[in-house]
Colleague: 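Here you go, one structure.
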Amino acid sequence: MQSTDRRPLLEASYVLPIAASTPQLRELTGYLRRLSRQVDEVIVVDGSPPEVFQAHAALWGSQVRHMAPQFSTTNGKVAGVLTGVHAARHDRVVIADDDVRYRAAELGRMLDLLDRHDVVRPQNHFHPLPWHARWDTARSLYNRLGDGDWPGTLGVRRNVLIQAGGYSGDVLFENLEMVRTVQAAGGEEALALDLFVTRRPPETKHFRSQRVRQAYDEWARPGRLAAQLAILPLAALLARRKGLAGLAGAAAVAVLAAEAGRRKAGGAKVFPASSALWGPAWLAERGVTAWLALGTRVFQGGVIYRQGRLKSAATPLATLRREVPLKQPLRPPLDRSGSGSA
């Protein structure tokens with residue numbers, strides 16, 4: 001297919017799950033119009049109240065496939081994603097939150113990676129950068145030093161996810177759940193730390209409301225949770241033994257570590273030089289919110305999500321490997337001579 005400006009459309013499906021209490025016409029209309037000129041299929045799965053759904057349909061319906069969720073899950077985003085993936089015409093599917101803003105070059109790179117991998121995890125970066133976005137950027141810098149950051153967008157092969165039976169909608173850390181499910185099905189993940197995709201920062205109120213919830217995600221990775229629970233006790237011990245000089249030294253090490261994450265895989269192109277300076281503040285926050293997340297699990301049975309409560313952050317990979325069916329080959333295997341088998 002071709003777009004209206006005669007450039008060929010990317011052969012892929014773009015799935016955007018949304019659930020808004022007020023119409024998002026101003027925030028999304030221009031972006032959806034641009035996407036529809038770049039990607040063959042744009043699907044908006046809209047779990048908004050009826051009046052908001054109708055407002056979206058009236059303005060977007062001629063540009064995108066606009067539909068209601070066809071599944072019901074505790075984590076409503078999963079219902080939207082699964083609806084869009086099942087409806088998609090293409091095997092290469094880009095899934096993105098409503099605050100993600102792809103450009104054509106980034107979409108092209110994502111689809112190239114999906115030609116060789118089953119799930120792709122790019123790197124988000126905030127633009128613009130109010131203070132709370134700079135604060136949260138430190139989290140991304142530290143994540144880049146390990147097994148990568150967790151953005152608001154993934155690329156996935158539709159065939160693999162459907163063969164796996166979808167992924168659980170009863171967990172909080174839904175992107176990790178999807179990646180683990182694809183891996184359990186025998187799929188391969190591409191961690192694309194150098195594929196930078198812009199993300200709009202949340203409002204300050206929303207940022208504050210996410211502090212404990214983001215820390216709760218680490219129940220899915222017990223080693224990281226234990227390390228974060230140790231931040232406050234270690235800081236108290238260091239202050240007792242070395243005083244303010246010891247804490248200042250630890251803060252300097254934290255800044256250097258964040259700077260290493262900023263420079264890794266070309267990150268200095270999108271993360272400002274000042275980003276690493278926010279590292280100690282983010283670590284101090286996580287030292288507190290990790291304990292609050294522990295209390296939320298022990299005393300409240302999980303974190304509040306919309307109208308329900310989620311106890312599980314994500315299913316262990318070992319459990320998924322016992323439960324998820326392995327993906328089937330899309331083409332006959334090659335024999336030793338390199339020709340297709342009979």
Colleague: Going only through I, L, V, M, F, W and Y residues with side-chain contacts under 4.5 Å, is there a path from Val288 to Ile231?
Modeller: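 No, Val288 does not connect to Ile231 through the hydrophobic network.
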Colleague: For residues 161-183, which residue pairs qualify under ring pair (Phe, Tyr, Trp, His ring centres under 6.0 Å), counting only residues two or more places apart or in two chains?
Modeller: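 Only Trp150-Phe173 qualify under ring pair (Phe, Tyr, Trp, His ring centres under 6.0 Å).
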Colleague: Looking at Asp170 and Lys311, is there a salt bridge between them, counting it only when a charged N and a carboxylate O are closer than 4.0 Å?
Modeller: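 No, Lys311 and Asp170 are not salt-bridged.
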Colleague: Between Arg180 and Glu177, is there a side-chain N and carboxylate O pair less than 4.0 Å apart?
Modeller: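 No, Arg180 and Glu177 are not salt-bridged.
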Colleague: List the steps, then state whether side-chain contact (heavy atoms from CB on, under 4.5 Å) holds for Arg33 with Leu35.
Modeller: CA-CA 5 Å; Arg33 184 180 298 116; Leu35 276 177; over 6 Å; no
Colleague: For residues Val94 and Thr153, determine if any side-chain heavy atom of one lies less than 4.5 Å from a side-chain heavy atom of the other.
Modeller: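 Yes, their side chains come closer than 4.5 Å.
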Colleague: Check whether Glu51 reaches the backbone of Pro49 with its side chain - one donor and one acceptor, N or O, closer than 3.5 Å.
Modeller: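 No; judged by distance alone, with no hydrogens or angles, the pair does not exist.
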Colleague: State the OG-CG distance between Ser168 and Leu310, to the nearest 0.5 angstrom.
Modeller: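 Answer for the OG-CG pair, Ser168 versus Leu310, is 9.0 Å.
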Colleague: Considering all heavy atoms of both residues, which atom of Ile43 and which atom of Gly84 are nearest to each other, and what is their separation?
Modeller: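 Of all heavy-atom pairs spanning Ile43 and Gly84, the closest is CD1-O, 3.7 Å.
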Colleague: For the residue pair Ser13 and Arg92, establish whether any side-chain heavy-atom pair is separated by less than 4.5 Å.
Modeller: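 SC-SC contact between Ser13 and Arg92 ruled out.
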Colleague: Identify which one of Leu129, Val270, Asp149 satisfies the side-chain contact (heavy atoms from CB on, under 4.5 Å) criterion when paired with Thr137.
Modeller: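 Of the listed residues Leu129, Val270, Asp149, the side-chain contact (heavy atoms from CB on, under 4.5 Å) partner of Thr137 is Leu129.
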Colleague: With hydrophobic residues grouped by side-chain heavy-atom distances under 4.5 Å, do Leu82 and Val93 end up in a single group?
Modeller: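 Leu82 clusters together with Val93.
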Colleague: Do the charged groups of Arg200 and Asp98 touch, with an N to O distance under 4.0 Å?
Modeller: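 Here Arg200 does not pair with Asp98 in a salt bridge, since their nearest N and O are not under 4.0 Å apart.
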Colleague: Going from OG1 on Thr181 to CD on Glu174, what distance comes out if it is rounded to the nearest 0.5 angstrom?
Modeller: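 Separation between the atoms: 11.5 Å.
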Colleague: Would you say the side chains of Asn143 and Arg224 form a donor-acceptor pair under 3.5 Å?
Modeller: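 Indeed, the side chains of Asn143 and Arg224 share at least one donor-acceptor pair under 3.5 Å.
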Colleague: For the residue pair Pro128 and Pro201, establish whether any side-chain heavy-atom pair is separated by less than 4.5 Å.
Modeller: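 Sidechains of Pro201 and Pro128: in contact.
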Colleague: Which side-chain N or O atoms in residues 184-198 pair as donor and acceptor under 3.5 Å with protein atoms at least two apart or in another chain?
Modeller:
residue	atom	partner	partner atom	Å
Glu188	OE2	His117	ND1	3.3
Glu189	OE1	Gln183	NE2	3.4
Glu189	OE2	Arg121	NE	2.8
Glu189	OE2	Arg121	NH2	3.0
Asp194	OD1	Arg109	NH2	3.1
Thr198	OG1	His125	NE2	3.4

Colleague: Are Phe207 and Trp131 close enough that their ring centers fall under 6.0 Å?
Modeller: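 Yes - the distance between ring centres of Phe207 and Trp131 falls below the 6.0 Å cut-off.
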Colleague: Taking Thr83 for the side chain and Ala79 for the main chain, is one N or O donor matched with an acceptor at less than 3.5 Å?
Modeller: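 Checking the backbone N and O of Ala79 against the side chain of Thr83, a donor-acceptor pair under 3.5 Å is found.
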Colleague: Report whether Trp291 and Leu283 are members of the same hydrophobic cluster (ILVMFWY, side-chain heavy atoms less than 4.5 Å apart, transitive linking).
Modeller: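 No.
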Colleague: Test salt bridge (charged side-chain N to carboxylate O under 4.0 Å, His left out) on Arg199 and Asp99 and set out the steps.
Modeller: CA-CA 6 Å; Arg199 190 173 192 177; Asp99 56 4; 3.1 Å; yes
Colleague: Which heavy atom of Trp135 sits nearest a heavy atom of Ala281, and at what distance?
Modeller: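 For Trp135 and Ala281, the tightest heavy-atom pair comes out as CZ2-O, 3.5 Å.
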Colleague: Please check: side-chain N/O of Gln38 versus main-chain N/O of Leu10, any donor-acceptor pairing under 3.5 Å?
Modeller: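 No.
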Colleague: Can you tell me how far apart CD (Glu259) and CZ (Phe271) are? Round to the nearest 0.5 Å.
Modeller: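 Taking CD in Glu259 and CZ in Phe271, the distance rounds to 11.5 Å.
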Colleague: Do Val85 and Val39 land in one hydrophobic cluster if side-chain heavy atoms of ILVMFWY residues count as linked below 4.5 Å?
Modeller: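 In one cluster with Val85: Val39, no.
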Colleague: Do Trp60 and Ser36 make a side-chain contact, defined as non-hydrogen atoms from C-beta onward lying under 4.5 Å apart?
Modeller: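 In short, these two side chains do not touch, never coming nearer than 4.5 Å.
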Colleague: Distance from Thr29 atom OG1 to Glu27 atom CD, nearest 0.5 Å?
Modeller: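 If we round to the nearest 0.5 Å, Thr29:OG1 and Glu27:CD are 8.5 Å apart.
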Colleague: State whether the side chain of Asn75 and the backbone N or O of Val171 hold a donor-acceptor pair below 3.5 Å, judged by distance alone.
Modeller: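 Yes; judged by distance alone, with no hydrogens or angles, the pair exists.
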Colleague: Please examine the side chains of Val303 and Arg309, heavy atoms only from C-beta on, and report whether any two atoms are closer than 4.5 Å.
Modeller: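 No, side chains not in contact.
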Colleague: Mark yes or no for whether Asp91, through its side chain, and Arg158, through its backbone, hold a donor-acceptor pair below 3.5 Å.
Modeller: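 Confirmed, Asp91 side chain pairs with Arg158 backbone.
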Colleague: Can you confirm whether Asn124 sits close enough to Val100 that some side-chain heavy atom of one is under 4.5 Å from a side-chain heavy atom of the other?
Modeller: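 In contact.
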Colleague: Any Lys/Arg nitrogen of Asp118 or Arg157 sitting under 4.0 Å from an Asp/Glu carboxylate oxygen of the other?
Modeller: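 Between Arg157 and Asp118 there is no salt bridge, as every charged N stays at least 4.0 Å from the carboxylate O atoms.
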Colleague: Return yes when atom CG of Leu237 has more than 12 non-hydrogen atoms of other residues, nucleotides or ligands closer than 6.0 Å, and no otherwise.
Modeller: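 For Leu237, atom CG is crowded (more than 12 foreign heavy atoms under 6.0 Å).
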Colleague: Of the non-hydrogen atoms in Ser48 and Ala20, which two are nearest, and what is the gap between them?
Modeller: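 Ser48 and Ala20 have their closest heavy atoms at OG-N, 2.9 Å.
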Colleague: Between Arg213 and Tyr305, which heavy-atom pair has the shortest distance, and what is it?
Modeller: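 Taking every non-hydrogen atom into account, NH2-CE1, 3.1 Å.
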Colleague: Are the side chain of Ser275 and the backbone of Pro272 linked by a donor-acceptor contact shorter than 3.5 Å?
Modeller: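 Side chain of Ser275 to backbone of Pro272, a donor-acceptor pair under 3.5 Å: yes, one is there.
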Colleague: Run the side-chain contact (heavy atoms from CB on, under 4.5 Å) test on Arg208 and His132 for me, step by step, so that the C-alpha distance in whole Å, both residues' side-chain angles and the decisive distance to 0.1 Å come before the verdict.
Modeller: CA-CA 9 Å; Arg208 288 171 174 159; His132 59 281; over 6 Å; no
Colleague: I'd like to check Arg65 versus Val44 (side-chain heavy atoms, cut-off strictly below 4.5 Å). Are they in contact?
Modeller: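 Side chain of Arg65 against side chain of Val44, heavy atoms only: no contact under 4.5 Å found.
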Colleague: With the side chain counted from C-beta on, respond yes when Val45 and Ile18 share a heavy-atom pair under 4.5 Å apart, and no when they do not.
Modeller: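 No, their side chains stay 4.5 Å or more apart.
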Colleague: Decide whether Val182 and Leu176 are clustered together by the hydrophobic rule: side chain heavy atoms of Ile, Leu, Val, Met, Phe, Trp, Tyr closer than 4.5 Å, transitively.
Modeller: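 Linked within one cluster.
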Colleague: Can Gln63 and Val42 be said to form a side-chain contact (heavy atoms from CB on, under 4.5 Å), step by step?
Modeller: CA-CA 8 Å; Gln63 303 167 18; Val42 180; over 6 Å; no
Colleague: Any chance you could lay out the side-chain contact (heavy atoms from CB on, under 4.5 Å) test for Arg116 and Leu113, step after step, and finish with the verdict?
Modeller: CA-CA 5 Å; Arg116 306 187 299 275; Leu113 288 168; 3.4 Å; yes
Colleague: Does the Lys NZ or Arg CZ of Arg101 fall within the cation-pi geometry relative to Tyr31 - under 6.0 Å from the ring centre and within 45° of the axis?
Modeller: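 So Arg101 does make the cation-pi contact.
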Colleague: In Å, rounded to the nearest 0.5 Å, how long is the span from CZ of Arg139 to CG of Asp136?
Modeller: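 So the gap between those two atoms works out to 4.0 Å.
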Colleague: Testing the basics here: between Pro325 and Gln163, what is the closest heavy-atom pair and its distance to 0.1 Å?
Modeller: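 Minimum heavy-atom contact is CG-O, 3.2 Å.
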Colleague: Identify the two heavy atoms, one from His86 and one from Phe71, that lie closest to each other, and give their separation to 0.1 Å.
Modeller: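 So the minimum-distance heavy-atom pair works out to CD2-CZ, 3.7 Å.
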Colleague: Could you state the interatomic distance from CG (Leu16) to CG (Leu32), rounded to the nearest 0.5 Å?
Modeller: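 Separation between the atoms: 6.5 Å.
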Colleague: Between Arg211 and Glu285, does the salt bridge (charged side-chain N to carboxylate O under 4.0 Å, His left out) criterion hold? Intermediate values first, please.
Modeller: CA-CA 8 Å; Arg211 298 304 87 213; Glu285 174 221 303; 3.3 Å; yes
